[in-house]
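Read the structure below first, then the notes.
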Amino acid sequence: VTAGATSATEPGARIAHPARRRPSWAWLGVVPFFLFAALFLLLPVAFLTIGSLQAGDGTLTIQNYVDLGTPQISRAFAASIEISLVTAVAGGILGFLLAYAVILGGLPRVLRTLLMTFSGVASNFAGVPLALAFIFTIGPLGLVTVFLFDVFGIDLRPSGGNFTLFSKLGLELVYLYFQFPLMVLIIAPAIDGLKKEWREASENLGATPRDYWRHVALPILLPSITGAVILLFGNAFGAQATAFQLTSGQIPIVPTVITAQISGDVLHNPGLGYAMAMGMVFVMAITITAYSLLQRRAERWLR
Amino acid sequence: MTGSAIGPRAPEALEALMTRPRRSRPRVGSALWWLVFVAGMLYFFLPLLATFEFSLRMRPFGQAYLITLSDARFYGTLLYSFLIALITIVVSLAIIVPTAYWVRFRMPRLRPIVEFVTLMPFVVPPVILAFGLIRSYSGNPIPLTSIRFGSDLLLIGAYVVLSFPYMYRAVDTGLRAIDSRTLTEAGQSMGAGYLRIIWSVILPNLRVSLLSGAFLTLAIVIGEYTIGSFLRPAGFGPYLSNLGQNRTYEPAAVSIISFALTWVAMGVIQILGRGTRVQLAGTR
């Protein structure tokens with residue numbers, strides 16, 4: 001019986017097609033959702049799109065998109081992509097190893113629960129408090145900075161010239177804090193999905209652990225791993241608050257340059273800012289699409 | 001190999017056969033995995049430890065916390081963020097629960113479109129959403145940003161949209177898990193309408209999913225900085241950011257408090273969810 005059938009006195013053939021019985025008002029049920037999405041999501045994006053196609057005086061132009069190629073803007077995109085890529089790959093590797101360690105590495109089971117809980121917290125611990133926490137850790141007067149200098153003579157202070165937290169590398173270290181826990185959360189179900197029978201079957205067929213990884217486990221995990229790393233990339237690419245708090249916008253990544261273009265005093269060119277926003281949306285759209293496709297592929301093995 | 005000869009009827013024997021060679025080998029590997037685990041935990045805990053240590057450096061002992069806890073703005077911004085979060089949760093639930101239910105039972109053809117829209121907040125980063133909202137609603141015909149409560153309204157709207165992806169997924173998974181079709185049919189055969197079924201059958205059964213979605217929203221909205229700082233910097237996130245730029249020890253104390261709040265919210269989710277579903281949300 002379909003959910004739309006209401007009365008037992010209806011002819012059976014009609015119950016199978018309740019939607020055709022009378023002009024349906026069922027679509028009204030989804031109106032609030034679409035209305036809300038239109039008002040607070042689609043309309044703002046549409047306005048930005050229009051803005052990106054307008055010159056300062058309101059005339060139609062594609063100059064803003066042409067200007068995306070100027071060194072200052074393309075450098076911002078390159079920096080954003082570099083930071084996202086580095087933290088996605090490094091976070092992906094560390095996260096995968098951690099998840100593997102607690103699931104198949106023979107560690108006590110309680111550590112697994114522990115790691116999953118921590119990952120849930122850490123992947124959501126971002127923005128201002130995270131930036132501050134890293135300043136207190138490896139900033140100029142941070143706990144680790146002072147410890148390393150006092151005990152081992154390793155100088156991580158900006159004055160030492162080797163390292164400063166307020167740099168690309170520093171930002172990457174901070175991003176890693178929420179990247180690798182996210183990897184743990186995403187990849188754990190896939191590692192869990194590696195059935196014991198597969199390993200047993202390949203061992204029975206004479207496979208070495210290496211063979212098993214090369215021909216069974218890795219091909220099965222690869223879509224999940226790739227998808228997860230892509231998601232981490234998007235996760236870092238869209239981040240703004242952490243970088244802004246850490247560097248006050250001094251490292252020109254895309255969100256901070258957009259902010260400077262739209263609401264700043266010095267570089268004021270909103271149209272260009274909107275075009276950059278569109279570029280950001282474009283990158284994110286590719287990222288999410290790739291992730292969804294890979295996820296669908298990966299799920300074939302997780303049944 | 002003998003494994004195939006034993007067959008599926010002797011799983012214990014097979015188990016013993018398979019685990020014996022394994023047990024001797026991974027002992028070396030195990031040390032390596034311990035190392036990985038400890039490294040991960042260090043990365044996790046050192047910044048927290050450092051923040052805590054820093055917050056205690058102010059003399060006399062505990063002064064940073066005393067100053068924070070006697071700062072009216074601390075409570076004011078926290079209360080504001082908490083209120084905004086509560087309204088966001090209520091609005092988000094009121095929109096998502098009926099929609100997910102409706103899509104599942106009456107309009108399954110709309111599912112791809114609804115799912116696409118709920119994914120869009122991932123595609124539109126918060127900073128862009130903020131600028132889009134300002135551009136859409138700061139001038140004619142709807143000058144929301146210049147009227148009283150207008151910016152609060154925009155802020156709630158933005159947060160509700162941000163909560164869509166995981167709220168929808170939580171509810172949709174919940175609907176699948178509780179066998180809502182049977183429940184719906186049972187309700188219908190007793191003569192209840194859809195609204196009544198949603199309110200008194202589906203909602204109570206979705207409790208766990210709804211609560212975990214709600215606490216995640218709470219954790220994210222309370223610390224949110226990007227959208228808040230552009231639309232209406234009255235919340236806890238902008239307060240903490242401002243503090244971080246102007247004070248030395250107090251931000252460490254507030255960070256610890258805010259981390260504790262996140263911890264409580266996430267802990268509740270873990271207890272409620274007892275699963276490992278991925279929660280990707282928030283503004284980083």
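The chains referred to below are lettered A, B, ... by the order of the sequence lines, with proteins before strands, and numbering in each begins at 1.
Only the side chain of A/Leu42 comes within less than 4.5 Å of a heavy atom of chain B; its backbone N, CA, C and O stay farther away. For A/Phe282, no part lies near chain B; criterion is any non-hydrogen pair under 4.5 Å. Contacts between A/Val283 and chain B at a heavy-atom distance below 4.5 Å are absent for every atom of the residue. Of the atoms belonging to A/Phe34, it is side-chain heavy atoms, and not backbone ones, that fall under 4.5 Å from chain B. Looking at A/Val45, the atoms closer than 4.5 Å to chain B (heavy atoms on both sides) all sit in the side chain, from C-beta outward. For A/Leu173, the parts lying near chain B are the backbone and the side chain together; criterion is any non-hydrogen pair under 4.5 Å. Both the backbone and the side chain of A/Val30 come within less than 4.5 Å of a heavy atom of chain B. For chain B, no part of A/Leu35 is nearby; none of its heavy atoms comes within less than 4.5 Å.
Here the CE-CG distance, from B/Met41 to A/Leu98, works out to 6.5 Å after rounding to the nearest 0.5 Å. Separation of atoms CD (B/Glu53) and CZ (A/Phe147) is listed at 12.0 Å; rounding is to 0.5 Å. A distance of 9.5 Å separates OG of B/Ser136 from CG of A/Leu39, quoted to the nearest 0.5 Å.
Between chain A and the options B/Leu49, B/Ile134, B/Leu119, B/Val127, the largest number of non-hydrogen pairs under 4.5 Å is found for B/Val127. Annotation: maximal heavy-atom pairing with chain A below 4.5 Å, among B/Val160, B/Ile256, B/Val254, B/Val124, occurs at B/Val160. Heavy-atom pairs under 4.5 Å with chain A peak, among B/Tyr101, B/Phe52, B/Phe37, at B/Phe37. Considering only heavy-atom pairs separated by less than 4.5 Å from chain A, the leading option among B/Ala252, B/Ser55, B/Ser258 is B/Ala252.
Annotation: side chain of B/Phe122 is not in contact with side chain of A/Tyr291 (no heavy-atom distance under 4.5 Å). Counting heavy atoms from C-beta on, the side chains of A/Thr259 and B/Phe230 come closer than 4.5 Å. At a threshold of 4.5 Å between non-hydrogen side-chain atoms, the residues B/Leu129 and A/Phe40 do not count as touching. Considering only heavy atoms from C-beta on, A/Gln240 stays 4.5 Å or farther from B/Pro126 through its side chain. B/Pro47 places a side-chain heavy atom less than 4.5 Å from the side chain of A/Tyr177. The closest side-chain heavy-atom distance from A/Leu107 to B/Ser30 is below 4.5 Å. With a 4.5 Å cut-off on side-chain heavy atoms, B/Arg135 and A/Tyr274 count as touching.
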Going through the checks in order, is the side chain to side chain contact (heavy atoms under 4.5 Å, CB included) test met by B/Leu240 and A/Leu132? CA-CA 10 Å; B/Leu240 179 53; A/Leu132 291 172; 3.9 Å; yes

Go through it in stages, so that I can follow the logic: the residues are A/Phe33 and B/Trp102, the test is side chain to side chain contact (heavy atoms under 4.5 Å, CB included), and I'd like the CA-CA distance, side-chain angles, deciding distance and then a yes or no. CA-CA 11 Å; A/Phe33 171 77; B/Trp102 212 242; over 6 Å; no

Step-by-step side chain to side chain contact (heavy atoms under 4.5 Å, CB included) determination, A/Leu43 to B/Tyr137: CA-CA 10 Å; A/Leu43 190 73; B/Tyr137 297 108; 3.4 Å; yes

Would A/Tyr100 and B/Trp33 count as a ring-ring contact (aromatic ring centres under 6.0 Å, His included) here? Give the steps. CA-CA 8 Å; A/Tyr100 192 92; B/Trp33 292 128; 5.0 Å; yes

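Within a 6.0 Å radius of CZ in B/Phe45, more than 12 heavy atoms belonging to other residues, nucleotides or ligands are found.
Across A/Phe136 and B/Ala50, no two heavy atoms sit closer than the pair O-CB, 3.4 Å. Of all the heavy atoms in A/Phe36 and B/Gly157, the pair that sits closest is CE2-O, 3.7 Å.
In summary, of the residues considered (A/Ser263, A/Pro270, A/Pro44), a side-chain contact (heavy atoms from CB on, under 4.5 Å) with B/Phe131 occurs for A/Ser263 alone.
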